[in-house]
Amino acid sequence: MGKKTPQAIRGTQDIFGAEAEAFAFVVETFERVRKLYRFRRAEMPVFEKTEVFARSLGETTDVVSKEMYSFDDRGGESLTLRPEFTAGIARAFLTNGWQQHAPLKLATHGPLFRYERPQKGRYRQFHQIDAEIIGAAEPQADVELLAMADHLLKELGIRDVTLHLNTLGDGESREAWRAALVEYFRAVKDQLSEDSQERLEKNPLRILDSKDRRDQPFLPDAPKIDDFLSDEAREFFAVVTSGLDAAGVKWKRAEALVRGLDYYRHTAFEFIPDEGSASADALGSQSTVLGGGRYDGLIENLGGPATPAVGWAAGIERLAMLVGERAEPAAAAIIVVEDNSQAALRQGMEALTALRNHNLPAEMIATGSPRKRRDKAVKKGAASIITFHETGHGISGDDDIDPAIFEALPFLR
RNA sequence: GCGAUCGUAGCUCAGUUGGUUAGAGCGCCGGUUUGUGGUACCGGAGGUCGGGGGUUCGAGACCCCUCGAUCGCCCCA
């Protein structure tokens, strides 16, 4: 806290120890599951021309662009740190000719940036895992993606979350529903919260998940998407839900689950902690663990051919909070140099090298008060402690010392 | 952008209605003890109490400003 030390940027985090282990566990598990479902790995740049995100967001003017980390580079071009994966993936799909691989199942993970007020489970630099299927119009793709998400959460040991599922229908269904909602809420405008009165103009679908008490009485009787679905849209959703049932994915219909952007069609979903669960407590008001949907209109917005796609993303930090503390693995052996002799130090170093060459995680303690070195080793929780002093050596540890240690260091036998 | 709560040692915190040299535990360093084990004891280093201003004989405690953190609202691609 010295005056001269610069502080970290607001909303960034330094992750260490058990938390870092939990973070790594999430990423490692994602990598494993993604291979199981045959999603291919992709890496995209962390920044793009601002246009990539601006157009993907359909020029959703100020509110959204105010939340982007944008800057001009030396050539005067406006660049933006990616606030999401989807737009960059769509751009890469178009500029690299990945159409030839369609339908393409992709997975990635990494940092994202949004200029937001930090709070629990919400940071300015945060990290997500992400999965997309591009160029697949059929509802089986939605099922495949959701099955993977469900599988991942189970592998992470997260059981108290449920898939909340909705359909926004096709373009016409969605528009008709939206118009009906506007009409319905406009009739009671005066009784709505100030926020919702504003939403009525900007983003009427969002009134449906208002937290304000004044809005609650009007929500149950609001128009339902089901009354506006075309036959095709209804059929699409039916295939998705029966596919989920066949795959053993539990889900719950969430009629109020919406997406603000126009390019979303059909399936929209979020995995949300069950009410009163440990996960709900752990996440505070940032309740969505994993969310996504079908975005059949996005790639056209970027100037590409009409290309259906569906995807999801999940915050690694939030998943890590649900996974809980994960201990850092203990060393297979810790070497303690018990005195300050050159002979002991040398033998210790040689033994340390041998252990590591045999793939045994090991470290050495050879500094500080000689009398306390053993205590340090004990505290680090090694399975075995190997000691060296000027005239000898020893080993101690669990009842069964790992035979691999004797293979690496035969003289201990 | 708005609101609430909070900033005392490396970490977690205590500090009585403002009162004299600012404390504990853990961690760190050293010593003694113990000797197949997260032993016990002794000692030490480490703080301009986030920063600035004010009230007062006297401020870590009270007031104002500022910076930062946490949680929530808005937003949520």
Side-chain angles (χ1 to χ4, degrees), chain A residues 1-3 5-13 16-17 48 52-69 80-90 112-124 126 128 130 132 193-199 202-203 205-207 209-213 257-264 268 270 281-288 291-293 295 297-298 301 311-313 315 318 330 334 336 338 367-387 394-399 401:
Chain A
M1 277 245 264
K3 263 183 189 164
T5 306
Q7 7 199 18
I9 304 299
R10 180 197 296 270
T12 63
Q13 28 172 3
F16 172 73
E48 298 270 358
V52 170
F53 304 112
R55 283 173 63 175
S56 105
L57 295 166
E59 311 291 346
T60 315
T61 50
D62 35 53
V63 187
V64 162
S65 59
K66 273 179 190 162
E67 305 225 330
M68 300 203 303
Y69 268 101
T80 295
L81 300 179
R82 63 184 180 196
E84 58 160 337
F85 279 116
T86 309
I89 289 174
L112 303 171
F113 306 84
R114 295 182 187 177
Y115 195 89
E116 294 187 289
R117 191 83 179 188
Q119 52 187 280
K120 191 168 195 160
R122 210 173 191 194
Y123 308 93
R124 286 186 173 180
F126 58 105
Q128 287 189 340
D130 181 279
E132 315 274 348
S193 65
E194 297 79 7
D195 285 334
S196 285
Q197 291 186 29
E198 197 158 325
R199 285 190 271 243
K202 293 166 93 172
N203 197 353
L205 305 200
R206 282 284 169 198
I207 298 176
D209 48 30
S210 168
K211 293 173 186 167
D212 197 299
R213 276 211 182 146
L257 197 159
V258 297
R259 290 279 108 97
L261 300 174
D262 293 337
Y263 58 64
Y264 281 100
E270 293 179 3
D281 289 347
L283 287 179
S285 69
Q286 307 304 316
S287 52
T288 299
Y295 51 95
L298 169 63
N301 284 1
W312 58 250
R318 289 187 198 173
I334 291 182
V336 174
E338 290 190 307
T367 58
S369 171
R371 312 193 73 127
K372 301 211 163 155
R373 292 178 192 173
R374 173 179 288 275
D375 283 347
K376 286 186 189 171
V378 170
K379 280 189 185 177
K380 281 178 182 272
S384 300
I385 293 173
I386 300 168
T387 56
I395 183 167
S396 60
D398 303 341
D399 294 339
I401 291 169

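Note: hydrogens, waters and symmetry copies are ignored here, and every other heavy atom, side chains too, is used. Per chain, numbering begins at 1; letters A, B, ... match sequence-line order.
- B/U8 and B/G1: their P atoms are spaced 25 Å apart (whole Å).
- Scanning atom types as modelled, no donor and acceptor separated by under 3.5 angstrom connect the side chain of A/Arg199 and the base of B/C75.
- Scanning all heavy atoms of the two residues, the minimum distance from A/Gln128 to A/Leu112 falls at OE1-CD1, 3.0 Å.
- Between B/U20 and B/A59, the distance separating the two P atoms is 12 Å to the nearest Å.
- Atom name C1', nucleotides B/C42 and B/U55: the rounded distance is 46 Å, in whole Å.
- Regarding A/Ile207, its CD1 atom lies at a distance of 15 Å from the C1' atom of B/C74, rounded to whole Å.
- A/Lys120 comes within 4.0 angstrom of sugar-phosphate atoms only, judged by non-hydrogen atoms across all strands, and of no base.
- Residue A/Glu84 is in sugar-phosphate contact alone, with no base atom involved, counting any heavy-atom pair closer than 4.0 Å across all strands shown.
- Atom name P, nucleotides B/C73 and B/C26: the rounded distance is 40 Å, in whole Å.
- Separating the P atom of B/C6 from that of B/A22 is a span of 25 Å, rounded to the nearest Å.
- The residue A/Lys211 sits close only to the backbone: its heavy atoms come under 4.0 Å of sugar-phosphate atoms, none of a base.
- Residue-level contact check: A/Tyr264 touches the backbone only, with heavy atoms under 4.0 Å from sugar-phosphate atoms and none from bases.
- B/G7 and B/C11 have their C1' atoms separated by 15 Å, with the value rounded to a whole Å.
- A/Arg374 CZ to A/Ser396 OG: the interatomic distance, rounded to the nearest 0.5 Å, is 5.0 Å.
- Within 4.0 Å (heavy atoms only), A/Gly368 reaches sugar-phosphate atoms of the nucleic acid but no base atom.
- At a threshold of 4.0 angstrom between heavy atoms, the contacts of A/Arg114 include nucleobase atoms, whether or not backbone atoms are also involved.
- Scanning atom types as modelled, no donor and acceptor separated by under 3.5 angstrom connect the side chain of A/Arg117 and the base of B/C75.
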